[in-house]
K.L.:
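Below is a structure I'd like to ask you about.
Computed from heavy atoms alone, side chains included, the values below leave out hydrogens, waters and symmetry copies. Fair warning: this is a prediction, and the values are worked out from it, not measured in the lab. We name chains A, B, ... by the order of the sequence lines, and we start the count at 1 in each one.
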There are 2 protein chains.
Amino acid sequence: MARPVEFDEQKVLTNAMEQFWREGYEASSVQKLLDCTGINRGTLYNSFGDKDTFFKSCVDQYNKLMDQQITATLKNSNLNPWDAIGAYVEETLVNVSNKHRSMGCLLVNSVCESINYDKEMKKVVRASLGSIRKAVLGRMKEAQKKGGLRKGLSAEFATELLINSLQGARVNARDGKTGNQLKDLVKFTIESLKK
Amino acid sequence: MARPVEFDEQKVLTNAMEQFWREGYEASSVQKLLDCTGINRGTLYNSFGDKDTFFKSCVDQYNKLMDQQITATLKNSNLNPWDAIGAYVEETLVNVSNKHRSMGCLLVNSVCESINYDKEMKKVVRASLGSIRKAVLGRMKEAQKKGGLRKGLSAEFATELLINSLQGARVNARDGKTGNQLKDLVKFTIESLKK
DNA sequence: GGCCAAATTGAATATAAATTCAACTAATGG
DNA sequence: CCATTAGTTGAATTTATATTCAATTTGGCC
C-alpha cells in the first residue's frame, strides 16, 4: 500500500526529548531538532506537527520515563513506604546516567522557562509533576497509617516537603552536584519526615 | 558639552531584569526589551552593548536586589543566627510582591535554562548564588558555635540543605504556591536543622 | 508491471531575530 | 552663536527561525 516509515518513532522522540531537556524549548530550534533526530524537515512537520505539538509529544515521552521509575520504585508493592521512597530517590538521582542527571528535570526546567507556554502545554508539563505527587502521597498515607510519619505532620504536607526537596535537587543537579550529594540532601529531608 | 542621557539607567535595568526574570534569556527578544524599557534600539546597543552584555548587567542588577535582602536579614547583626535566617526566608518568600514571587528566582531560572550561556555568563549567574551560600554558611557556623545546630550536622551540609529547600521553593513559586505555603516548606527544613 | 497511498526530500517562503549605521538632536563651552 | 561632543532615532542589513509545498521516492496490491 503506502510507503513505510523509515524513522524509529521512539528514537526520534527520545533524542528530541533530550534536546528540549538540555537546552529548553526556546533554545531548541527546529534545525537542532532535525540534527539530533536525523529526520528531515518535512518529515518532522508531516509526522509530528509543529514545534509546539512536537514539544508536547516529547514531554509525554518524558512522562513515560518518569512513570517507569515510579512504577519500579514508589509503586513497588514489595517495598514498604520508606524503602519505596528511598528507592525512588536512588533511582532518579543516583542510578541515572551523568548525562541525564546533569540536565536536571525537564518538567522543573519547563516550569522555570514556561511563561509563554499555552494552556495545553502547561497542562502536559504539570501532568507528570501531578503523578509523582500522587504516587508519593499514596506512600505517605501508608506510612502514616503504619505510624511511621512524624507526629503532627499530615501526609499531604510531608509530600510537599519531599517534592520541594526533590525539585531543589533537580536545580542543584544542573549546577553540577553529584548523584550522592543530591541523594544526601533528599535523604536528610526524608529522615526529618519519619517518626 | 555632550547631550545628556534621557533614560533612567536604574529603571531600564530594573525593567529589563524583570523581563529576563519572567520569560528567560531566550524568550526575551530585543524588541521585548525595548518595549519594557521604553528606550530605543540604537540606545540599547549604544549604552548597554549587545543582548548578552545587557543580560549580564541585568543579572548584576538582580544581585544588588539579593544583596539588599541579605544585608537586611542574614547579615543583620542584631539578629541571632536562626532569626536572621528566618527573616531572610520571610523577606524573600513572603514580604515580596506577588509579581516577583510568581517569577521565582532569576538565578534558579537561569540555571535551568543555562546550557548555552558562555563562561562569563555562568560566572555572573553563579556569583549571587555563591554570596547567598556564603552568608548562610556564616550564620550556620555561628549557630553551631552557640550549640544551636543539630548534632552530627556540619555547618556546610546544613547550608546546602537550606539552599536546596530555598531553590525548591523558588521552583514551586513559579508553579503558583503562595508565600505562606513556601515559607512553611522552608521553615520545616530549618526546624530540622536546629538542635 | 503499473498504480496507489503515504513518506521523504530540500528548496522556497515568510516572519522574526539581532545588530549596525548614518542622519539627526540636544546641551555646553568658547 | 557656532562648534563640539555625545545621545537618540529608525530605517536598513544580516542572519535565524518556523513553516509550507510540489516534486520525488518507496513498497505493496490488483
K.L.:
Within this structure, what is the CG-to-P distance between B:Leu34 and C:dT19, rounded to whole angstrom?
P.N.:
12 Å

K.L.:
Could you state the CD1-P distance from B:Ile39 to C:dT19, rounded to the nearest angstrom?
P.N.:
14 Å

K.L.:
Specify the separation, in whole Å, of atom CD of B:Glu26 and atom P of D:dA18.
P.N.:
11 Å

K.L.:
Picking from D:dT9, C:dA5, D:dT19, which would you name as closest to the side chain of B:Glu6?
P.N.:
D:dT9

K.L.:
With a 4.0 Å cutoff (strictly under), does any side-chain N or O of B:Asn40 reach OP1 or OP2 of D:dG10?
P.N.:
yes

K.L.:
Between B:Lys51 and B:Arg3, which has a closest nucleotide on DNA chain C that is more 5'?
P.N.:
B:Lys51

K.L.:
More than 12 foreign heavy atoms under 6.0 Å from NZ of A:Lys75: is that the case here?
P.N.:
no

K.L.:
Nearest whole angstrom, please: distance from the P of C:dA17 to the CG of B:Leu33.
P.N.:
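B:Leu33 atom CG is separated from C:dA17 atom P by 11 Å.
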
K.L.:
Tell me yes or no: between the side chains of B:Asp52 and B:Tyr25, is some donor less than 3.5 Å from an acceptor?
P.N.:
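B:Asp52 vs B:Tyr25: donor-acceptor pair found between side chains.
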
K.L.:
Figure out the CG/C1' separation between A:Leu44 and C:dA7, and round it to whole Å.
P.N.:
14 Å

K.L.:
Whole angstroms only, please: what is the CG-C1' distance between A:Asn46 and D:dT26?
P.N.:
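My rounded result for the distance is 15 Å.
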
K.L.:
Starting at the 5' end of DNA chain D and moving along, which residue's nearest nucleotide shows up first, A:Ala2 or A:Val30?
P.N.:
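Its nucleotide being nearer the 5' end, the pick is A:Val30.
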
K.L.:
Counting only side-chain N and O atoms of A:Tyr45, is one of them less than 4.0 Å from OP1 or OP2 of D:dT20?
P.N.:
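A:Tyr45 to D:dT20 OP1/OP2: no side-chain N or O under 4.0 Å.
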
K.L.:
Of the candidate nucleotides D:dT8, D:dA12, C:dT8, which contains the atom at the shortest distance from the side chain of A:Phe7?
P.N.:
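The listed nucleotide nearest to A:Phe7's side chain is C:dT8.
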
K.L.:
Just how far, in rounded Å, is C1' of D:dG10 from CG of B:Asp35?
P.N.:
14 Å

K.L.:
Mapping A:Gly38 and B:Tyr25 to their closest nucleotides on DNA chain C, which lands nearer the 5' end?
P.N.:
A:Gly38

K.L.:
Taking the side chain of A:Arg41 as heavy atoms from C-beta outward, which of D:dG10, D:dG7, C:dG10 is closest to it?
P.N.:
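The answer is C:dG10, which lies nearest to the side chain.
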
K.L.:
Can you confirm whether or not the ring centre of A:Phe20 sits under 6.0 Å from the ring centre of A:Tyr62?
P.N.:
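No, too far apart.
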
K.L.:
Between A:Gly49 and B:Pro4, which residue's closest nucleotide on DNA chain D lies nearer the 5′ terminus?
P.N.:
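Between the two, 5'-proximity favours B:Pro4.
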
K.L.:
Given salt bridge (charged side-chain N to carboxylate O under 4.0 Å, His left out), test A:Glu142 with A:Lys146 step by step and report yes or no.
P.N.:
CA-CA 6 Å; A:Glu142 198 186 337; A:Lys146 290 182 176 175; 3.6 Å; yes

K.L.:
How many whole angstroms separate atom CG of B:Asp50 from atom P of D:dT14?
P.N.:
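Rounded to whole Å, this separation is 19 Å.
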
K.L.:
Considering every strand and a 4.0 Å limit on heavy-atom distances, what is the contact class for B:Thr43: base, sugar-phosphate, or nothing?
P.N.:
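Base contact - B:Thr43 has a heavy atom under 4.0 Å of at least one base atom.
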
K.L.:
If I take atom CD from residue A:Gln167 and atom CG from residue A:Leu107, how far apart are they, to the nearest 0.5 angstrom?
P.N.:
9.0 Å

